[in-house]
Amino acid sequence: MPSPTITESSIIRLVDTFYARVRDDAVLSPVFEAKLAGRWHEHMPRMYAFWTKVLLGTGEFQGNVFGKHMALSGIETEHFVRWLTLFRLTAIDVFGIDGATEAMEVAQRIASSLQLGFFGDIRVRGDLSGAA
């Protein structure tokens, strides 16, 4: 059962805040901008739908998340460190320390799956303790 702080509106706030941070991040921004420059307005509704599906179990998101990410080039361990760090901080900001655990666990599963695809092993595990 999702935390009561996880609602459709808080998921939109999570996604908006997270991707604003990604776009400002020196490590992640080049990767995202290479794929999404001029198309962020198309990407964001898909991310709202994705995170609503995985966190609330609702919505109609369909897509090959793994395949889309495997098509990216130049992905390194550092990208996962930054992605998980920014996601964890954003989830805590939006859902509170107690409410963020489920979202952080989902993010870790996603990151682990993608790392297996890119590297053949899991190199980065997010800190789910909530400590900043």
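Computed over heavy atoms, backbone and side chain alike; hydrogens, waters and symmetry mates excluded.
- Open room surrounds CD on E78; 12 or fewer heavy atoms of other groups in view lie less than 6.0 Å from it.
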Take R39 and L36 through the side chain to side chain contact (heavy atoms under 4.5 Å, CB included) test and state the conclusion after the steps. CA-CA 5 Å; R39 296 184 316 109; L36 296 172; 3.8 Å; yes
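- Residues D121 and R123 are paired through a salt bridge, judged by an N-O separation under 4.0 Å between the basic side chain and the carboxylate.
- Counting heavy atoms from C-beta outward, F95 and S3 have side chains that stay 4.5 Å or more apart.
- Residue H41 comes nearest to P45 through the heavy atom pair O-CD, 3.2 Å, listed as atom of the first residue, atom of the second, then distance.
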Criterion side chain to side chain contact (heavy atoms under 4.5 Å, CB included) on R21 and L89, from CA distance to verdict: CA-CA 10 Å; R21 289 175 175 173; L89 293 172; 4.1 Å; yes
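- Counting only heavy atoms from C-beta outward, the side chains of R23 and F32 never approach each other to under 4.5 Å.
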Step-by-step side chain to side chain contact (heavy atoms under 4.5 Å, CB included) determination, Y48 to D16: CA-CA 9 Å; Y48 303 146; D16 286 344; 2.5 Å; yes
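- A donor-acceptor pair shorter than 3.5 Å can be found between the side chains of Q108 and S112.
- Salt bridge absent: D93 and R88 never bring a charged side-chain N and a carboxylate O closer than 4.0 Å.
- Between T77 and F119 the shortest side-chain heavy-atom distance falls below 4.5 Å.
- Taking the six-membered ring for Trp and the full ring otherwise, the centers of W40 and Y19 sit less than 6.0 Å from each other.
- Panel note: side chain S10, backbone T7; a donor-acceptor pair is recorded below 3.5 Å.
- No close placement of the H69 and F118 rings is indicated, their centers lying 6.0 Å or farther apart.
- A donor-acceptor contact shorter than 3.5 Å links the side chain of T90 to the backbone of L86.
- Surrounding CD of E60 are at most 12 heavy atoms belonging to other residues, nucleotides or ligands under 6.0 Å away.
- Rounding to the nearest 0.5 angstrom, the gap separating the CD atom in Q115 from the CD1 atom in I110 is 12.0 Å.
- Listed here is the closest heavy atom pair of M104 and A91: CG-CB, 4.1 Å.
- L114 CG to I75 CD1: the interatomic distance, rounded to the nearest 0.5 Å, is 9.0 Å.
- Taking each heavy atom of L84 and A107 in turn, the nearest pair found is CD2-O, 3.9 Å.
- When ring centroids are compared, F87 and F80 stay outside the 6.0 Å threshold.
- Between W51 and F18, the distance from one ring center to the other does not fall under 6.0 angstrom.
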